[in-house]
Amino acid sequence: MVKTASTMRELGTPAPDFSLINVDGQTVSLADFKGQPGLLVIFMCNHCPFVKHVAPELARLAMDYMPRGIAVVGINSNDTSKHPEDSPEQMVHEAEQRGYPFPYLFDEDQDVAKEYHAACTPDFFLFDKEQKLYYRGQLDPSRPKAGDVADGRDLRAALDALLAGKPAPEKQIPSIGCNIKWKAGSEPAYFSSTGVSG
């Protein structure tokens, strides 16, 4: 595992298109969420300790905000040849066990992750009603093994501000997690094999 930070793309960047298979076998595309007040795209997986730490809060957060019009999508872009625990079959079990109410999509060729400049799991991208990037920071300050429980305070504050029509939060702290498990030889230019310190 390489501890990796979000790339912190420029706010206002349009949401890159995607069309991926959900755990229920249906195709889910960016266009499916056109006109909604917000879209939260989460790059995640099954096995990463950072994702395991926040998984209960991801389910809670989605159940709190989806009824308010926020669309939520999880995307797994990991190389499953080296990490079979992240396979589409295991994604089905993960979604059921965690009670995720949102689509959980598999990005097999990793192109969507690269288009989003996703770097870690979890990596959060919140887009406004025009599908422009509004927030790309951490869920909250909690971390695995620190003994604290994830409460989603940073992302929840951004979601509340978005729904209230307020400007994007000025302070946005990069998400930290395991690096996306890129296929050998196809790592994006922004990938750092040394990760981040701390």
Side-chain angles (χ1 to χ4, degrees), residues 2-48 50-51 54 58 62 70-83 86-88 91 94-95 100 102-139 155 158-159 162 168 172-193 195-196:
V2 177
K3 191 163 72 169
T4 301
S6 173
T7 60
M8 302 300 281
R9 294 202 77 180
E10 184 178 355
L11 296 180
T13 300
D17 197 11
F18 61 82
S19 186
L20 300 169
I21 303 298
N22 187 19
V23 289
D24 64 2
Q26 301 297 310
T27 299
V28 175
S29 303
L30 178 66
D32 295 336
F33 307 108
K34 186 176 181 180
Q36 295 198 233
L39 168 64
L40 174 63
V41 179
I42 309 167
F43 286 87
M44 51 191 285
C45 65
N46 302 337
H47 88 277
C48 169
F50 287 87
V51 177
V54 302
L58 295 183
I70 298 294
V72 181
V73 176
I75 300 178
N76 170 23
S77 301
N78 277 358
D79 178 5
T80 59
S81 66
K82 294 180 180 175
H83 297 275
D86 289 331
S87 70
M91 289 171 62
E94 181 78 359
Y100 292 147
F102 50 82
Y104 189 17
L105 315 178
F106 185 46
D107 177 25
E108 183 174 12
D109 59 15
Q110 304 184 317
D111 286 347
V112 175
K114 292 175 183 176
E115 287 291 328
Y116 276 74
H117 286 205
C120 54
T121 53
D123 209 350
F124 302 94
F125 297 83
L126 176 60
F127 298 90
D128 63 17
K129 62 184 178 181
E130 296 176 350
Q131 297 186 339
K132 300 291 181 63
L133 188 59
Y134 179 88
Y135 179 83
R136 71 292 190 248
Q138 65 180 8
L139 178 74
L155 182 53
L159 285 160
L162 175 63
Q172 300 192 13
I173 300 169
S175 183
I176 299 288
C178 303
N179 63 293
I180 288 177
K181 302 304 185 279
W182 302 105
K183 295 179 180 180
S186 68
E187 299 87 351
Y190 59 82
F191 172 68
S192 169
S193 59
V196 295

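Index from 1, following the sequence.
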Note: F124 and G137 closest approach over all heavy atoms is CD1-O, 3.5 Å
Output, in order, the C-alpha distance, side-chain angles, deciding distance and verdict of side chain to side chain contact (heavy atoms under 4.5 Å, CB included) for L126 and Y134. CA-CA 6 Å; L126 176 60; Y134 179 88; 4.0 Å; yes
Looking at side-chain heavy atoms only, is the closest gap between [X] and [Y] below 4.5 Å?
X: P122; Y: V54; answer: yes
X: F18; Y: L105; answer: yes
X: N179; Y: K181; answer: yes
X: I180; Y: N78; answer: yes
X: L11; Y: Q172; answer: yes
X: I70; Y: F102; answer: no
X: E10; Y: L133; answer: no
X: K114; Y: S186; answer: yes

For [Y], is there any backbone N or O sitting under 3.5 Å from a side-chain donor or acceptor partner on [X]?
X: Q131; Y: A31; result: no
X: Y135; Y: Q138; result: yes
X: Y190; Y: A118; result: yes
X: D86; Y: N46; result: yes
X: T7; Y: H117; result: yes
X: E187; Y: G185; result: yes
X: N22; Y: Q26; result: no

Can you tell me how far apart [atom1] ([X]) and [atom2] ([Y]) are? Round to the nearest 0.5 Å.
X: L39; Y: F127; atom1: CG; atom2: CZ; answer: 6.5 Å
X: I173; Y: S6; atom1: CD1; atom2: OG; answer: 12.0 Å
X: Y116; Y: F43; atom1: OH; atom2: CZ; answer: 6.0 Å

Does the side chain to side chain contact (heavy atoms under 4.5 Å, CB included) test come out yes or no for L139 and I42, once each step is laid out? CA-CA 10 Å; L139 178 74; I42 309 167; over 6 Å; no
In sequence, state the C-alpha distance, the side-chain angles, and the governing distance for D17 and E115, and then conclude on side chain to side chain contact (heavy atoms under 4.5 Å, CB included). CA-CA 8 Å; D17 197 11; E115 287 291 328; over 6 Å; no
Is it the case that S175 and D123 place a side-chain donor and acceptor less than 3.5 Å from each other? no
Give a yes-or-no answer on whether the side chains of S29 and S19 include a donor-acceptor pair shorter than 3.5 Å. yes
More than 12 heavy atoms of other residues, nucleotides or ligands under 6.0 Å from NZ of K183: yes or no? yes
Should we count CD of Q36 as having more than 12 external heavy atoms under 6.0 Å? yes
How are the rings of Y104 and Y100 set to each other: parallel, tilted or perpendicular (split at 30° and 60°)? perpendicular
Start with the C-alpha gap between T121 and F50, add the side-chain angles, then the distance that decides, and say whether side chain to side chain contact (heavy atoms under 4.5 Å, CB included) holds. CA-CA 7 Å; T121 53; F50 287 87; 5.9 Å; no
